[in-house]
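Heads up, the thing below is written out as structure tokens.
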Amino acid sequence: MHDEVHSGGLSVDVVIVGAGFAGLLMLHQIRRLGLSALVYERGSDVGGTWFWNRYPGARCDTESLEYSYQFSTELFREWKWSERFATQPELLSYAQHVAQRFDLYANIHFNSAVKKSHYDEKIRKWQTTTSSGECITSDFLILATGCLSTAHLPEIPEMDRFLGKVYHTGNWPKEGVDLTGQVVGIVGTGSSAIQVIPAIVPQLRHLYVFQRTANYVVPAWNGRIPSEYELSVMADPASFRRNNATMIRAHGYRNRGKDLSALSVPHEQVERDLERRWNTGGLNFLDGFNDLLTSTDANRIAAEFVKAKIRKIVKNPVVSELLCPRHPIGCKRVSVGDGYYESFNAENVTLVDISQSGIQRLGEDSIEAGQSSYRCDSLIFATGFDAMTGPILSINIIGRNGVTLREKWREGPRNYLGLSVSGFPNFFIMTGPGSPSVLTNMHVSIDQHAAWISRCINSMKTRQLTEIEATEDSESRWVDTVSQIASNTIFPSCNSWYLGANIPNKPRMFMPYIGFPSYESKCKEIEENNYSGFKLV
Ligand code: NAP
């Protein structure tokens with residue numbers, strides 16, 4: 001499929017970075033065009049997020065039937081999910097199954113991290129080098145590096161003094177970890193922590209949960225998928241997928257809300273809807289009304305509803321107050337999981353409020369915070385990721401005139417449609433900043449990007465064009481559009497990773513585009529207008 005070149009390197013039409021769900025589909029689409037492609041993956045197998053995040057309790061919080069590849073009805077029908085919210089091992093098996101079923105393994109190089117990609121303007125090709133010493137020349141470079149794949153371990157004084165084991169949820173050991181009978185400290189209370197905590201509490205001697213910011217957690221009510229529901233979905237997968245794609249976050253059409261302000265109806269009606277959604281479980285909790293994420297007054301109703309639930313579930317009133325968040329619900333990502341708040345009723349769990357003190361230092365067998373020292377055998381950092389830009393900028397990407405992407409994005413990510421960066425021809429980013437990405441069901445966003453990029457490449461090849469690249473003007477207008485849409489919501493109002501606020505010195509900028517349907521139609525319109533806003537050569 002690919003040619004050897006004189007330098008001893010390889011030459012292909014397309015280099016794809018990452019063999020997670022996005023990279024696998026991209027490879028499949030490129031091969032369907034009859035073009036050659038190679039995928040470079042730093043892990044030893046496919047799966048991306050689901051390869052690395054093997055922590056106890058890890059599972060997806062988008063429903064399995066929705067969090068499935070969209071491109072093949074046969075695949076969709078033949079794969080049987082065992083639960084409403086799939087576990088990490090099942091998601092990893094799914095990725096492996098897809099790679100085998102579509103014969104993708106042959107074109108993936110594992111244990112091979114891309115270090116540098118340089119656009120050679122003379123030959124109009126990308127030159128890519130990897131950690132395993134490979135050099136590859138390609139017409140196109142596509143990043144499918146994921147949004148939450150650069151784990152963030154905070155800098156804590158005297159980190160190295162701790163003699164016990166230290167784990168990060170985003171880099172969990174492949175061989176597993178036995179924590180039985182241990183005293184464990186967990187730092188962080190985001191979506192990863194709220195899954196780990198209930199999963200490990202029963203086996204621990206004691207768990208200290210170090211909380212800097214309380215988090216809103218809504219139940220999943222996980223269980224088997226009702227067979228009549230599954231049958232109805234399988235009867236018409238196309239309309240199931242299409243209906244989900246009409247939702248702002250590209251999933252949850254069964255739970256579609258009303259195009260109505262929560263402030264325009266009696267309070268009891270809003271409460272009833274929240275109660276119904278709480279009892280249904282899942283990420284569509286805030287979908288009942290059109291202003292829960294745009295009006296602080298409407299948002300407060302939903303926030304207070306969850307706080308009342310927390311106070312009811314957690315028996316110790318001091319602990320339950322500490323667990324009640326103070327920021328608007330949804331401006332940091334809402335977490336979904338079962339048994340999180342209940343864990344704080346267990347005798348072997350202590351919530352440690354570090355909102356004022358932070359963690360001061362580590363001792364040989366302890367965490368020190370506030371005026372106290374907490375003896376621990378092992379520590380788990382569930383402290384998140386350098387989200388969205390971290391995985392992209394971990395590669396030294398060099399565009400026209402030797403300008404690096406890192407320099408270009410010094411004040412935050414700039415691109416057009418999230419897909420293309422001016423000064424970086426024939427370069428595409430999948431589900432990155434500037435696209436709906438992390439605010440959506442990833443499979444829908446991945447499918448839309450893979451299809452758009454492959455049609456674009458096909459069009460270039462058939463028209464014998466050699467370069468495509470966003471213009472600076474369209475890029476600037478797009479950056480303004482993304483931030484303008486966000487400014488009409490409650491999203492910018494707290495220190496979330498959507499804004500880069502969790503990483504010291506990271507530029508603050510709301511990164512994802514809000515609203516899958518309007519994004520999808522914009523991409524379509526641009527394609528139909530012969531890639532308006534792009535420079536084609
Ligand atoms: P996260 O949401 O960024 O949470 C990190 C936690 O660590 C926060 O509680 C944060 O507190 C705390 N933290 C960070 N640095 C700290 C420090 N120096 N000292 C004390 N606490 C610190 O990370 P995550 O839980 O890994 O989740 C990231 C995203 O991954 C999620 O939002 C979600 O999109 C995705 N995810 C999805 C699933 C799923 O599908 N089920 C599961 C896990 C993750 P502050 O809030 O104060 O910064």
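For ligands, and for the atoms within them, numbers begin at 1 and follow the listed sequence. Numbering starts at 1 and runs along the sequence shown.
Contacts between P154 and ligand 1, counted as non-hydrogen atom pairs separated by less than 4.0 Å, involve the side chain only. Within the 4.0 Å heavy-atom criterion, the part of I354 lying near ligand 1 is the side chain and not the backbone. Counting heavy atoms closer than 4.0 Å to ligand 1, residue F385 contributes side-chain atoms (C-beta onward) but none from N, CA, C or O. Heavy atoms of T383 found under 4.0 angstrom from ligand 1 belong to the backbone as well as the side chain.
The protein heavy-atom contact nearest to atom 26 (O) of ligand 1 is S192 OG, 2.6 Å. Of all protein heavy atoms, the one closest to atom 35 (C) of ligand 1 is L148 CD1, 3.6 Å. Looking at atom 46 (O) of ligand 1, its nearest protein heavy atom turns out to be K332 NZ, 2.6 Å. Atom 39 (C) of ligand 1 has R59 O, 3.3 Å as its closest protein atom, hydrogens excluded (heavy atom only). With hydrogens left out, the protein atom closest to atom 11 (O) of ligand 1 is R212 NE, 3.8 Å, a heavy atom. Protein heavy atom closest to atom 36 (N) of ligand 1, with residue, atom name and distance, is S191 CB, 3.9 Å.
In this pair, Y67 and F21 present their aromatic rings perpendicular. The plane angle is above 60°, beyond the 30 to 60° band.
Remark: aromatic rings of W79 and Y69 are distant, center separation not under 6.0 Å. Aromatic rings of F102 and H28 (six-membered ring for Trp) have centroids within the 6.0 Å cut-off, being under it. Outside the 6.0 Å centre-distance limit, the rings of Y40 and F110 are not counted as a close aromatic pair.
Within the structure, ligand 1 lacks I359 among the residues with a heavy atom less than 4.0 angstrom away. Using a 4.0 Å cutoff on heavy atoms, G358 does not count as a contact of ligand 1.
Heavy-atom proximity to T189, at under 4.0 Å, picks out these atoms of ligand 1: 6 (C), 8 (C), 9 (O). Close contacts of ligand 1 with V187, meaning ligand atoms under 4.0 Å from a residue heavy atom, involve 20 (C), 21 (N). Numbered from 1 in the order shown, with element, the atoms of ligand 1 that lie under 4.0 Å from a heavy atom of T213 read 45 (P), 46 (O), 47 (O).
The shortest N or O to N or O distance between Y55 and ligand 1 is not below 3.5 Å. Checked against a 3.5 angstrom limit, the closest N/O atoms of G188 and ligand 1 fall outside it. Considering both main-chain and side-chain atoms, W497 comes within under 3.5 Å of ligand 1 through a nitrogen or oxygen pair. Close N/O approach between N502 and ligand 1 is not found [any backbone or side-chain N/O within under 3.5 Å]. For ligand 1, none of its N or O atoms has an N or O atom of T169 under 3.5 Å away. In terms of N/O distances under 3.5 Å, ligand 1 is not approached by H152. Remark: ligand 1 and N495 share no N or O pair separated by less than 3.5 Å (distance only, no angle test).
At a threshold of 4.0 Å, the pair E230-R84 does not count as salt-bridged, since none of the basic side-chain nitrogens sits closer than that to a carboxylate oxygen. Contact check on E66 versus R241 returns no salt bridge, with no Lys/Arg side-chain nitrogen under 4.0 Å from an Asp/Glu carboxylate oxygen. Ionic pairing of K309 and E275 is present here: one or more N-O contacts between side-chain nitrogen and carboxylate oxygen are shorter than 4.0 angstrom. With respect to R242 and E520, a salt bridge is recorded, a charged nitrogen being found less than 4.0 Å from a carboxylate O.
Side chains of S437 and T431: no donor on one and acceptor on the other come within 3.5 Å. Looking only at atom types and distance, the side chain of S445 has a donor-acceptor partner in the side chain of T440 under 3.5 Å away.
When the heavy-atom distances from atom 5 (C) of ligand 1 to A58, A382, S496 are ranked, the shortest goes to A382. Heavy-atom proximity to atom 23 (O) of ligand 1, evaluated over P504, G57, G384, G190, is greatest for G384.
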- [ ] Please test V438 against W497 for side-chain contact (heavy atoms from CB on, under 4.5 Å), starting from the C-alpha separation and ending with a verdict.
- [x] CA-CA 11 Å; V438 290; W497 58 255; 3.7 Å; yes

TODO: Go through S68 and F76 one step at a time and tell me if the side-chain contact (heavy atoms from CB on, under 4.5 Å) criterion holds.
DONE: CA-CA 7 Å; S68 297; F76 187 71; 3.9 Å; yes

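Distance alone, capped at 3.5 Å, is enough to place a donor-acceptor pair between the T189 side chain and the T213 backbone.
For the salt bridge (charged side-chain N to carboxylate O under 4.0 Å, His left out) with D287, the lone residue among R276, R249, R256 that qualifies is R249.
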